[in-house]
**Q** 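Before anything else, here's the structure in question.
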Amino acid sequence: MALCNAFLLFFMLFSSISLSAQRTPNPKPYKQPLNHSFSLSFPLRTATLSQHSFPSKFASSLVASKPLYNYRSSFKYSMALIVSLPIGTPPQTQQMVLDTGSQLSWIQCHNKAPPTASFDPSLSSSFSILPCTHPLCKPRNPDFTLPTSCDQNRLCHYSYFYADGTYAEGNLVREKVTFSRSQSTPPLILGCSKDSAEAEGILGMNLGRLSFASQAHISRFSYCVPTRQNYGKTMPTGSFYLGQNPNSHAFRYVNVLTFSQSQRMPNLDPLAYTVNMVGIRIGGRKLNISTSAFRADAGGSGQTLIDSGTLYTYLVDEAYKKVREEVVRLVGSKLKKRYVYERSLDMCFDGDETEIGRLIGDMVLEFENGVEIVVAKERILDDVGGGVHCLGIGRSEALGVPSNIIGNFHQQNLWVEFDLANRRVGFGKADCSRSV
């Protein structure tokens with residue numbers, strides 16, 4: 001889109017500040033596209049609301065029709081869920097991070113990636129690039145969640161900056177995902193990255209109209225995250241479904257909250273899978289945290305969202321302080337002094353992780369309808385290297401993100417299903433390291 005000079009200057013200034021402030025060593029704990037809002041709190045993704053609310057017509061069509069796809073695949077898990085999708089005609093296998101917190105999907109189209117990882121547009125008969133005249137490139141209502149411009153070749157160009165300091169930019173294109181000879185999507189709008197520091201692309205699966213799920217009319221999808229091992233160096237295999245999951249009869253569901261236009265607030269992400277969280281228990285003890293800490297306030301801060309693209313779980317200060325107080329009460333003498341991992345995890349230990357986990361006990365994240373995520377004491381700590389183990393919970397404010405984010409570390413050994421037709425998220429216990 002053609003942005004005014006003042007906005008470009010503002011965007012470049014805040015992008016440079018964010019890049020320097022958010023850049024972290026691997027593993028990257030939080031990977032979300034930065035929103036380009038004029039709010040000084042700089043929220044991550046605030047959409048142009050008239051275009052990006054969850055479309056009611058789309059939801060109705062999903063309810064009324066059967067899923068178009070029933071596709072089962074697998075993914076590798078270290079810090080992210082890395083799926084392999086067959087893209088193009090004939091298909092080229094592309095590795096992409098499954099991200100329920102992102103909208104735009106993009107693939108690697110540059111020479112920096114290994115030849116086996118980079119997509120070659122010249123080999124696909126279904127590939128096309130969006131010209132500058134496309135409505136998405138010059139929308140009547142600017143979309144600050146997807147900054148576009150016209151490049152020197154009169155092609156539509158996009159730039160994405162992420163909260164961890166990485167970026168991706170290239171052209172917006174149309175391309176198919178070819179599941180089999182008889183089953184493929186229509187041409188979808190994707191990013192074809194010409195410059196990125198990442199080895200994989202992104203499979204954007206949030207509620208935005210340009211997400212893969214929305215464009216392909218996926219009625220539901222699900223994944224099962226295996227146990228993270230060996231500081232993320234070992235990559236166990238998990239399962240991924242597009243369409244019906246045969247295990248869903250055992251799932252328990254929470255509703256996905258939707259927001260009318262009058263409810264939209266500067267710090268709110270209306271495209272996220274926002275759910276009602278009601279409390280936290282540690283070692284069987286219910287923490288004294290107001291339910292309001294888990295819900296969006298008048299400015300949008302405090303929403304609770306399920307995010308496969310974030311490694312750890314991050315809590316707003318009110319909730320985080322109560323968790324930390326309880327951990328200090330239980331194992332305070334064993335805490336590693338003056339140590340903060342990735343700028344936000346400060347409940348870390350040098351000692352025997354099994355013994356520390358036993359002293360802390362199980363942790364339970366409580367949601368509406370009696371739904372719970374139980375984090376067993378055996379996996380409440382994560383190996384962050386150097387003999388250090390940390391509780392996988394950090395302060396969201398330390399990252400400049402005023403939300404409660406349930407990351408994939410706390411989704412291990414769970415089926416997590418996103419039922420878009422019925423606007424709900426389901427959870428089911430599983431041994432995700434096995435074939436399920």
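Throughout, numbering of the chain's residues begins at 1 and tracks the sequence.
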**Q** Mind checking whether F221 and N245 have side chains closer than 4.5 Å, heavy atoms only?
**A**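 They are not in contact (no side-chain heavy atoms under 4.5 Å apart), so the answer is no.
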
**Q** What distance do S222 atom OG and E417 atom CD have between them, rounded to the nearest 0.5 Å?
**A** 5.0 Å

**Q** Is there a side chain to side chain contact (heavy atoms under 4.5 Å, CB included) between L190 and R174? Walk through the geometry before answering.
**A** CA-CA 6 Å; L190 309 171; R174 286 189 181 274; over 6 Å; no

**Q** Test side chain to side chain contact (heavy atoms under 4.5 Å, CB included) on Y320 and M347 and set out the steps.
**A** CA-CA 11 Å; Y320 181 79; M347 292 178 279; 3.6 Å; yes

**Q** Using distance alone, with no hydrogens and no angle criterion, decide if N206 and T100 have a side-chain donor and acceptor under 3.5 Å apart.
**A** no

**Q** State, yes or no, whether a side-chain contact exists between R295 and N276 at a heavy-atom distance under 4.5 Å.
**A** yes

**Q** Under a 3.5 Å cutoff, is there a donor and acceptor pairing between the side chains of N408 and Y312?
**A**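 Side-chain D/A pair, N408 to Y312: absent.
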
**Q** Within the side chain of Q215, is there an N or O that forms a donor-acceptor pair under 3.5 Å with the backbone of I189?
**A** yes

**Q** Evaluate the criterion side chain to side chain contact (heavy atoms under 4.5 Å, CB included) for residue pair L207 and V256; output intermediate values, then yes/no.
**A** CA-CA 10 Å; L207 295 174; V256 171; 4.2 Å; yes

**Q** Would a distance-only check, ignoring hydrogens and angles, find a side-chain to backbone donor-acceptor pair under 3.5 Å from S211 to G208?
**A** yes

**Q** For the side chain of R358 and the backbone of E353, is there at least one donor-acceptor N/O pair under 3.5 Å apart?
**A**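 Checking the backbone N and O of E353 against the side chain of R358, no donor-acceptor pair under 3.5 Å is found.
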
**Q** Determine the minimum heavy-atom distance between R379 and F409, stating which atoms define it.
**A**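 Closest approach of R379 to F409: O-CZ, 3.6 Å.
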
**Q** Working to the nearest 0.5 Å, report the span between OG1 of T304 and CG of N404.
**A**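 Reported to 0.5 Å precision, the distance equals 4.0 Å.
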
**Q** Would you confirm whether E368, through its side chain, and N255, through its main-chain N or O, come within 3.5 Å as a donor-acceptor pair?
**A** yes

**Q** Keeping N369 on the side-chain end and V371 on the backbone end, is there a donor-acceptor pair under 3.5 Å?
**A**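 Such a contact is absent between N369 side chain and V371 backbone.
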
**Q** Any chance the side chains of Q244 and S248 put a donor and an acceptor closer than 3.5 Å?
**A**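 Present: a donor and an acceptor within the cut-off.
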
**Q** Under 6.0 Å from the ring centre and within 45 degrees of the ring axis: does the NZ or CZ of R424 meet both conditions for the six-membered ring of Y253?
**A**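 Yes, R424 and Y253 form such a contact.
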
**Q** Check for me whether the distance between the ring centres of F75 and F240 falls short of 6.0 Å.
**A** no

**Q** Which distance, rounded to the nearest 0.5 Å, do you find between the CG of L268 and the OG of S403?
**A** 8.0 Å

**Q** Run the numbers on I406 and L305 for side chain to side chain contact (heavy atoms under 4.5 Å, CB included), then give the verdict.
**A** CA-CA 6 Å; I406 312 301; L305 54 101; over 6 Å; no

**Q** Is there a donor in the side chain of N153 and an acceptor in the side chain of D151, or the other way round, less than 3.5 Å apart?
**A**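 No, D151 and N153 have no side-chain donor paired with an acceptor closer than 3.5 Å.
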
**Q** Under 3.5 Å, is there a donor on one side chain and an acceptor on the other for T354 and E378?
**A**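 Distance-only check fails for T354 and E378.
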
**Q** Check the orientation of F367 and F427. Use parallel for under 30°, tilted for 30 to 60°, and perpendicular for over 60°.
**A** parallel

**Q** For S184 and T178, test the side chains for any donor-to-acceptor distance below 3.5 angstrom and give the result as yes or no.
**A** no

**Q** If you define the side chain from C-beta out and look only at heavy atoms, does anything of L98 sit under 4.5 Å from S308?
**A**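 Heavy-atom side-chain distance check passes, below 4.5 Å.
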
**Q** Go through the side-chain N and O atoms of K176 and T89 and say whether any donor and acceptor fall under 3.5 Å apart.
**A** no

**Q** Assess the residue pair C150 and C137 against the criterion (disulfide (SG to SG under 2.5 Å)); give the C-alpha distance rounded to whole Å, side-chain angles, the decisive distance to 0.1 Å, and a yes or no.
**A** CA-CA 7 Å; C150 190; C137 204; 5.9 Å; no

**Q** Would you please say whether a donor-acceptor pair under 3.5 Å links the side chains of S124 and E175?
**A** yes

**Q** Hey, are the side chains of L104 and Y160 touching, using non-hydrogen atoms and a 4.5 Å cut-off?
**A** yes

**Q** For the cysteine pair C156 and C132, state whether the SG atoms are less than 2.5 angstrom apart.
**A** no

**Q** Is the shortest side-chain heavy-atom distance between I202 and M96 below 4.5 Å?
**A**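 Of all side-chain heavy-atom pairs linking M96 with I202, none is under 4.5 Å.
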
**Q** Please determine which of T227, V375, I373 meets the side chain to side chain contact (heavy atoms under 4.5 Å, CB included) test together with Q412.
**A** T227

**Q** Could you go through Q183 and Y71, starting from their C-alpha distance and side-chain angles, then the distance that decides it, and tell me whether this counts as side chain to side chain donor-acceptor pair (under 3.5 Å)?
**A** CA-CA 10 Å; Q183 193 175 50; Y71 177 75; over 6 Å; no

**Q** Just one of L203, V177, D99 clears the side chain to side chain contact (heavy atoms under 4.5 Å, CB included) bar with S105, so which one?
**A** L203

**Q** Begin with the C-alpha distance, continue with both residues' side-chain angles, and end with the deciding distance and a verdict on ring pair (Phe, Tyr, Trp, His ring centres under 6.0 Å) for Y241 and W415.
**A** CA-CA 10 Å; Y241 280 95; W415 275 112; 5.6 Å; yes

**Q** Hey, does F259 have a side-chain heavy atom less than 4.5 Å from the side chain of T274?
**A**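 Yes; the side chains approach each other to less than 4.5 Å.
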
**Q** Pairing donors with acceptors under 3.5 angstrom, does anything connect the side chains of N171 and K194?
**A**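 On atom types as modelled, these side chains qualify, holding a pair under 3.5 Å.
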
**Q** Taking C-beta and beyond as the side chain, do L391 and I380 meet within less than 4.5 Å on heavy atoms?
**A**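 Of all side-chain heavy-atom pairs linking I380 with L391, at least one is under 4.5 Å.
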
**Q** For a 4.5 angstrom cut-off between non-hydrogen side-chain atoms, does Q411 reach I306?
**A**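 They are in contact (side-chain heavy atoms under 4.5 Å apart), so the answer is yes.
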
**Q** For residues Q94 and Q108, report the shortest heavy-atom separation together with the two atoms involved.
**A** OE1-O, 3.8 Å

**Q** Spell out, as yes or no, whether a donor-acceptor pair under 3.5 Å connects the side chain of Q103 to the backbone of G204.
**A**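 Such a contact is absent between Q103 side chain and G204 backbone.
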
**Q** Does D382 reach the main-chain N or O of G392 with its side chain, forming a donor-acceptor pair under 3.5 Å?
**A** no

**Q** How long is the gap from CD on E342 to SG on C348, to the nearest 0.5 Å?
**A**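 That separation rounds to 10.5 Å.
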
**Q** With rounding to the nearest 0.5 Å, note down the distance linking OG1 in T310 to NE2 in H410.
**A** 12.5 Å

**Q** Just how far is it from atom CD1 of I360 to atom CG of L381, taken to the nearest 0.5 Å?
**A** 5.0 Å

**Q** Under the 3.5 angstrom rule, does the side chain of S78 hit a backbone N or O of M235 as a donor-acceptor pair?
**A**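 Not at all, since once roles are kept as given, no pair shorter than 3.5 Å links the two residues.
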
**Q** So, the side chain of R423 versus the backbone of T258: is there a donor-acceptor pair under 3.5 Å, distance only?
**A**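 Looks like no, no N/O pair under 3.5 Å.
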
**Q** Quick one: does T93's side chain have a donor or acceptor within less than 3.5 Å of a partner on P86's backbone?
**A**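 Not a single qualifying donor-acceptor pair exists.
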
**Q** Please verify the inter-ring angle class for Y223 with F418; under 30° counts as parallel, over 60° as perpendicular, anything in between as tilted.
**A**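 Plane angle between 30° and 60°, so tilted.
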
**Q** Please find the pair of heavy atoms, one from G428 and one from F251, that lie closest to each other, and give the distance.
**A** CA-CD2, 3.8 Å

**Q** Under the rule for salt bridge (charged side-chain N to carboxylate O under 4.0 Å, His left out), what residues qualify as partners of E372, not counting sequence neighbours?
**A** R281

**Q** If you look at every heavy atom in G407 and T313, which pair is closest and at what distance?
**A** N-OG1, 3.2 Å

**Q** Parallel, tilted or perpendicular: which describes the rings of F212 and F179, with under 30° parallel and over 60° perpendicular?
**A** perpendicular

